[in-house]
Amino acid sequence: MKAQKNIEYKATSNACKLCSPLGASLVFRGIEKSMPLLHGSQGCSTYIRRYLISHFNEPVDIASSNFTEETTIFGGGANLKIAVQNIIKQYDPELIGVATTCLSETIGDDVPLILRDYNKNDSGKLSPAIVSVSTPSYSGTHIDGFHGAVKATVDTIAEKGNIEAKHVNIFPNMLSPEDLRHLKDIFFDFGAEHIMLPDYSQTLDGPLWSEYQKIPEGGTTVKQIASMGDAAASIEFGRILAEEESAGKLLKKKFQVPCYSLGIPIGVNETDVFFNALSTITGKPVPEKYVQERGRLIDAYADGHKYVFEARAVVYGEEDLVIGLASFLSEIGIVPVLCASGGESGHLKNKLCQVIPDFETRGIEALEGVDFVDIGDAAKKLSPDFLIGSSKGYKIAREINKPLIRVGFPIHDRMGGARILHIGYKGTQQLFDTISNIIIASKQDASSVGYTYM
Amino acid sequence: MEPMRKETTEYEEKTDNWKDIDPKKVKQEIMEKYPPKVARKRSKHFVINKKVDDENYTEIQANVRTIPGIISQRGCCYAGCKGVVMGPTRDIINLTHGPIGCGFYSWLTRRNQTDPSTTPDGHNFMTYCFSTDMEEREIIFGGEKKLKAAIQEAYDIFKPKMISVFATCPVGLIGDDIHSVTREMEKKLGITIFGFSCEGYKGVSQSAGHHVANNGLFQHVIGLDDTVKEGDYKVNLLGEYNIGGDAFLIEDLFERCGITLISTFSGNSSVDHFSNSHTADLNLIMCHRSINYVADMMEQKYGIPWLKINFLSAEATSRSLRKIAEYYGDQKLIDRVEEVIAEEMPAVEKAQAEIRPRLEGKLAMMFVGGSRAHHYQELFKEIGMITIAAGYEFAHRDDYEGRHVLPKIKVDADSRNIEELDVQKDPEKYNPRIDKKELEAEERHGVRLKDYEGMMPDMEEGDYVIDDISQYETEKLIETYKPAIFCAGIKEKYMIQKHGIPMKQLHSYDTGGPYAVYKGAVNFYYEMDRMINSKVWDHIKAPWEKSPELSAMYAYE
Ligand code: SF4
Ligand code: SF4
């Protein structure tokens with residue numbers, strides 16, 4: 001449930017959130033041979049494609065049922081069926097992920113019903129799996145669309161077979177392709193079989209093509225998703241997600257798969273919890289490689305803490321990312337003076353208190369449901385040393401003349417948004433080095449003498 | 001600086017043979033992959049350029065709705081209205097009435113530039129994105145109250161001269177009356193406030209939104225300020241959006257020629273300029289598609305004639321300047337224009353001589369916009385490159401075949417739902433700038449008025465002209481021709497680069513530009529050379545893929 005909002009009207013200027021079908025499209029792009037289809041006017045799908053494309057620097061196809069004026073009067077059933085038909089003929093997908101838009105939601109199209117009819121009409125021919133998810137943007141943000149699509153996919157496809165399965169399900173939240181690759185490495189090094197949903201590590205960050213790919217290679221297979229009901233356990237990242245109906249909890253309810261709800265593993269604390277859980281689930285010790293990574297990270301903390309200590313940061317983004325980043329920042333002595341999100345779960349502050357024990361005494365502000373004008377106003381008062389979040393904070397960074405460290409989504413004014421590693425000891429190491437160096441560089445640039453030694 | 005040279009690659013050898021490819025066969029192969037119904041439809045949009053008689057080229061189907069499930073690059077009516085036409089004006093508060101996404105996605109993504117120091121109040125709201133951010137409550141109970149509050153809030157904080165409101169799809173559906181709200185708020189606040197009914201489902205592409213925006217500007221803004229500025233040759237520039245600073249260069253050129261620019265729709269633009277634009281004596285149209293409506297309406301109401309011009313490429317710029325000078329027929333201007341051309345051309349010719357040998361004969365394809373895919377062909381021609389395939393996302397038939405087909409265009413249901421204003425001569429402000437006979441003959445001093453011949457006559461027979469090209473057709477063309485460069489927008493960008501082919505964004509210019517007039521043309525030549533001849537293309541194949549012996553060596557060692 002969303003927190004009750006006070007009824008005083010307020011416009012949003014420079015939003016710190018995107019709309020739900022974007023999150024859903026991202027998930028469907030992380031399933032093998034799958035095609036996202038937005039049920040509504042073509043503008044939504046064109047806009048969303050553009051946003052995903054400019055972050056990932058990859059082609060992103062999202063189909064639309066192309067509403068017209070008459071469709072808005074008579075309902076979108078016919079258009080949706082034609083769209084599904086044309087997608088099947090052109091792309092031959094194994095899954096079509098249908099997400100609604102504000103328009104079809106307002107009209108009240110019953111997508112599952114329309115598609116059930118469709119399957120009947122088309123009987124005889126093997127049709128792809130169709131997953132539909134309701135994603136009205138007027139109640140929720142892109143992250144709700146993301147989790148909604150993961151859950152709908154699992155709900156539609158996962159089953160319980162009879163095999164003695166030992167694999168682990170991992171629901172990673174909205175991370176970067178580089179993060180997803182790192183996660184896969186970790187599972188591999190643990191010798192633990194896993195199924196990750198979604199997995200856009202290749203579909204949205206792949207090599208050059210030697211020939212045309214109708215749908216980019218990679219992604220979780222439909223077969224794998226089907227076997228998620230057989231897993232030994234599920235892990236899902238996100239302390240906010242832990243409060244919501246999620247895919248992991250659904251599998252627990254339906255098929256009694258134990259579910260570990262953890263924070264996004266950024267920083268030593270949260271990453272330790274993750275490795276611990278993996279060790280427990282698999283019954284294996286943490287591989288030496290990661291023991292070393294952790295060791296190097298702590299060594300770097302010891303060397304660098306004096307440069308970052310007491311620095312002040314403004315953190316913004318999806319609530320779960322904000323919690324992960326804030327947890328990491330505060331463990332190295334940086335005060336995340338402002339933790340802000342366009343999301344509005346009602347749990348942000350609470351969860352921040354869990355990961356930042358001295359939250360109250362530090363005077364940290366946690367703001368939910370805010371836009372960049374609010375964030376800018378608060379930032380100006382809090383005199384931070386840097387901002388950390390997506391490209392969208394650049395306007396504020398420029399106004400207050402402080403550096404912006406780009407993480408999360410969307411990053412459309414730099415290269416390599418898809419290759420930022422945020423998680424694990426290794427990701428934390430990279431964040432730590434980046435942040436320390438930005439702080440050191442600011443001092444260096446401000447000094448009248450051009451020191452080249454620290 | 002001399003760019004790093006690259007070796008000749010495999011596909012370049014292939015490029016030389018492109019003339020042997022039969023376009024009809026290529027088309028046939030592409031169409032065969034579609035379901036029959038889709039093929040029938042697409043084949044009318046996918047034409048091989050051919051002159052059928054003195055006046056006409058092969059008919060192309062355009063401005064009809066995209067088929068559900070076929071991925072196109074088109075945007076919606078709202079995108080055309082808010083993002084394209086209204087967006088680049090710095091001192092209007094553009095407020096999106098709808099859920100958050102629509103507004104968010106149109107937030108400063110076009111790299112329009114603006115210089116607020118040239119209007120006295122220095123207002124610049126372009127870096128902002130205002131939205132009513134509708135929530136479930138408003139969808140159920142209506143959003144007019146929230147809209148009112150948002151207008152009030154924007155006014156209180158920024159004290160703008162004008163606020164415009166844009167309706168998104170759900171708004172049309174729940175029946176919010178944005179026009180009565182804006183009227184009420186206009187009365188209350190005493191500034192210009194009005195709304196656009198540009199719900200995304202209207203029309204078939206962003207083109208509908210251009211029309212809606214043109215209507216709005218014409219009804220609510222143009223003509224508000226009658227101050228007549230000094231200047232012998234007063235013009236408006238229509239359809240120039242100042243991407244990458246193009247308009248700055250054009251402004252500078254005009255100034256040197258002694259031409260006074262009253263208003264640009266809409267690049268480096270201000271409401272002040274719009275309000276005053278009816279005092280100009282000539283309208284110049286850059287992007288025909290997005291803005292010809294305003295030009296027509298201004299002619300009817302105020303008596304201002306219009307000319308089609310183009311400032312992309314040196315050749316086109318000189319031609320356009322001469323056309324303007326001829327139109328006025330004033331020797332002072334004619335001489336001044338020649339002087340300016342003479343000053344500019346040596347640098348242009350020098351650059352052409354340098355670049356041409358490196359790019360001569362290479363192929364270009366461009367699919368973008370409603371005029372750019374035409375304009376840029378001339379730039380490529382100046383460095384010896386050949387455009388063999390071009391088309392638009394949201395153009396109409398007249399943009400391809402020329403305005404003489406206008407009477408023949410069928411108006412379908414999708415276009416009918418965009419209002420056509422009934423424009424009459426203004427009883428006080430109508431002032432024919434030229435002789436009635438000239439106006440009727442649509443010609444003055446040998447210069448054709450209101451004339452645009454479209455893209456087809458400027459392309460060779462046998463070239464591809466493709467409307468609303470699909471992803472699949474793009475892929476096939478690339479595979480078949482391996483062009484040296486492909487120009488399009490962000491949505492195609494990475495798919496093309498995935499094939500190891502240089503891609504230039506002609507909507508937002510990547511981070512480059514300006515490319516307009518002479519300086520911009522030179523800039524563009526060098527940039528094409530750097531992109532097409534970049535060394536990165538040498539690394540596409542790993543050594544073991546390039547020569548089998550080598551891979552054998554790796555294997556046995
Ligand atoms: S209508 Fe809804 S789904 Fe479409 S772009 Fe707007 S917010 Fe997103
Ligand atoms: S909801 Fe309508 S107006 Fe908004 S982006 Fe989608 S098509 Fe365009």
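Below, read A as the first sequence line, B as the second, and so on, with proteins coming before strands; counting in each chain starts at 1.
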Chemist: Using non-hydrogen atoms and a 4.5 Å limit, figure out which bit of V373(A) sits close to chain B: side chain, backbone, both or neither.
Modeler: side chain
Chemist: For V171(B), which atoms come within 4.5 Å of any heavy atom of chain A: side chain, backbone, both, or neither?
Modeler: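 V171(B) has no heavy atom closer than 4.5 Å to chain A.
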Chemist: Can you find a pair of side-chain heavy atoms, one from F104(B) and one from K392(A), that are under 4.5 Å apart?
Modeler: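 Yes. Closest side-chain heavy atoms under 4.5 Å.
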Chemist: Identify which part of I139(B) has an atom lying under 4.5 Å from any heavy atom of chain A, answering side chain, backbone, both or neither.
Modeler: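 It is the side chain, since no backbone atom gets that close.
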Chemist: Which residue out of L37(A), L22(A), N79(A), D61(A) racks up the most heavy-atom pairs below 4.5 Å with chain B?
Modeler: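 Of L37(A), L22(A), N79(A), D61(A), D61(A) has the most heavy-atom pairs under 4.5 Å with chain B.
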Chemist: Where does L103(A) contact chain B at under 4.5 Å (heavy atoms): side chain, backbone, both or neither?
Modeler: both
Chemist: As an exercise, state the distance from CH2 of W107(B) to OH of Y51(A), rounded to the nearest 0.5 Å.
Modeler: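 The OH atom of Y51(A) is 7.0 Å from CH2 of W107(B), to the nearest 0.5 Å.
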Chemist: Between the main-chain N or O of I490(B) and the side-chain N or O of R50(A), is there a donor-acceptor pair closer than 3.5 Å?
Modeler: no
Chemist: Report yes or no: does S137(A) contribute a side-chain atom to a donor-acceptor pair with the main-chain N or O of G101(B) at less than 3.5 Å?
Modeler: no
Chemist: Heavy-atom distance under 4.5 Å between the side chains of Y34(B) and Q90(A), does that happen here?
Modeler: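 Yes; the side chains approach each other to less than 4.5 Å.
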Chemist: Quick check on I140(B) against chain A: is it the side chain, the backbone, both or neither that has a heavy atom closer than 4.5 Å?
Modeler: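 Neither; nothing under 4.5 Å.
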Chemist: Under 4.0 Å between a Lys/Arg side-chain N and an Asp/Glu carboxylate O for R65(B) and E70(A)?
Modeler: yes
Chemist: What part of E69(A) gets closer than 4.5 Å to chain B, counting heavy atoms only: side chain, backbone, both or neither?
Modeler: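 Both backbone and side chain.
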Chemist: If you count heavy-atom pairs under 4.5 Å between each of K33(B), K202(B), R74(B) and chain A, which one has the most?
Modeler: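 Looking at each option in turn, the highest pair count goes to R74(B).
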Chemist: Can you tell me how far CD1 of I67(B) sits from CG of N66(A), rounded to the nearest 0.5 angstrom?
Modeler: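 Result: 9.0 Å between the selected atoms.
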Chemist: Does T71(A) reach the side chain of Y201(B), with side-chain heavy atoms less than 4.5 Å apart?
Modeler: no
Chemist: What part of S64(A) lies closer than 4.5 angstrom to a heavy atom of chain B: side chain, backbone, both or neither?
Modeler: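 The backbone, not the side chain.
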Chemist: So which part of Q497(B) gets closer than 4.5 Å to some heavy atom of chain A, the side chain, the backbone, both or neither?
Modeler: backbone
Chemist: If you apply the rule side-chain contact (heavy atoms from CB on, under 4.5 Å), what do you find for I53(A) with K493(B), and how did you get there?
Modeler: CA-CA 9 Å; I53(A) 289 169; K493(B) 180 173 178 179; 5.5 Å; no
Chemist: Indicate yes or no: at least one non-hydrogen side-chain atom of I71(B) is less than 4.5 angstrom from one of M35(A).
Modeler: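 The answer is yes, as the side chains (C-beta and beyond) meet within the 4.5 Å cut-off.
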Chemist: Between K214(A) and E475(B) (salt bridge meaning N to carboxylate O under 4.0 Å), is one present in this structure?
Modeler: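 Salt bridge between K214(A) and E475(B), a charged N being under 4.0 Å from a carboxylate O: no.
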Chemist: Atom OH in Y394(A), atom OG1 in T127(B): separation rounded to 0.5 Å?
Modeler: 11.5 Å
Chemist: What is the ring orientation for H499(B) with W209(A), classed by angle as parallel under 30°, tilted 30 to 60°, or perpendicular over 60°?
Modeler: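 Answer is perpendicular, since the angle exceeds 60°.
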Chemist: Below 30° counts as parallel, above 60° as perpendicular, anything between as tilted: where do the rings of Y78(B) and Y47(A) land?
Modeler: perpendicular
Chemist: Does a sphere of radius 6.0 Å around NZ in K498(B) hold more than 12 heavy atoms from other residues, nucleotides or ligands, not counting ones at 6.0 Å or beyond?
Modeler: yes
Chemist: What part of P68(B) gets closer than 4.5 Å to chain A, counting heavy atoms only: side chain, backbone, both or neither?
Modeler: both
Chemist: Of all of V60(A), L80(A), L18(A), N57(A), which one pairs up most often with chain B through heavy atoms under 4.5 Å apart?
Modeler: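 Option with the top pair count is N57(A).
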Chemist: Would you say that more than 12 heavy atoms from the other residues, nucleotides or ligands in this model lie under 6.0 Å from the CD of E217(A), or not?
Modeler: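 No, CD of E217(A) has 12 or fewer neighbouring heavy atoms, counting only those of other groups under 6.0 Å.
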Chemist: Assess whether side-chain contact (heavy atoms from CB on, under 4.5 Å) is satisfied between M495(B) and E58(A), documenting all intermediate values.
Modeler: CA-CA 7 Å; M495(B) 181 260 283; E58(A) 290 283 316; over 6 Å; no
Chemist: For I96(A), which atoms come within 4.5 Å of any heavy atom of chain B: side chain, backbone, both, or neither?
Modeler: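 No part of I96(A) comes within 4.5 Å of chain B.
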Chemist: If we only count heavy atoms from C-beta on, is the Y494(B) to F56(A) side-chain gap below 4.5 Å?
Modeler: no
Chemist: Quick one: pull up OH in Y128(B) and OG in S13(A) and give me the separation to the nearest 0.5 Å.
Modeler: 8.0 Å
Chemist: Report which part of S41(A) has an atom under 4.5 Å of a heavy atom belonging to chain B: side chain, backbone, both, or neither.
Modeler: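 The answer is the side chain of S41(A).
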Chemist: Would you mind checking which part of Y91(A) comes under 4.5 Å of any heavy atom in chain B, side chain (CB onward), backbone (N, CA, C, O), both or neither?
Modeler: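 For Y91(A), the side chain is the part near chain B, not the backbone.
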Chemist: Between chain B and each of I48(A), T68(A), L52(A), count heavy-atom pairs under 4.5 Å; write down the option with the most.
Modeler: T68(A)
Chemist: Does a side-chain heavy-atom distance below 4.5 Å link P35(B) with N86(A)?
Modeler: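 Side chain of P35(B) against side chain of N86(A), heavy atoms only: contact under 4.5 Å found.
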Chemist: So, does N14(A) use its side chain to make a donor-acceptor pair with the main chain of C129(B) at under 3.5 Å?
Modeler: yes
Chemist: At a heavy-atom distance under 4.5 Å, which candidate from G342(A), G43(A), P207(A), A83(A) has the highest pair count against chain B?
Modeler: A83(A)
Chemist: Given a strict heavy-atom distance threshold of 4.5 Å, which part of Y472(B) is in contact with chain A: side chain, backbone, both, or neither?
Modeler: both
Chemist: Hey, which of P216(A), P59(A), P21(A), P410(A) has the most heavy atom pairs under 4.5 Å with chain B?
Modeler: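 Among the listed options, the one with the most contacts to chain B is P59(A).
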Chemist: Given 3.5 Å as the limit, does a donor-acceptor pair link the side chain of Q42(A) with the main chain of G75(B), or not?
Modeler: yes
Chemist: Could you tell me whether the side chain of C19(A) reaches within less than 4.5 Å of the side chain of Y105(B), counting heavy atoms only?
Modeler: yes
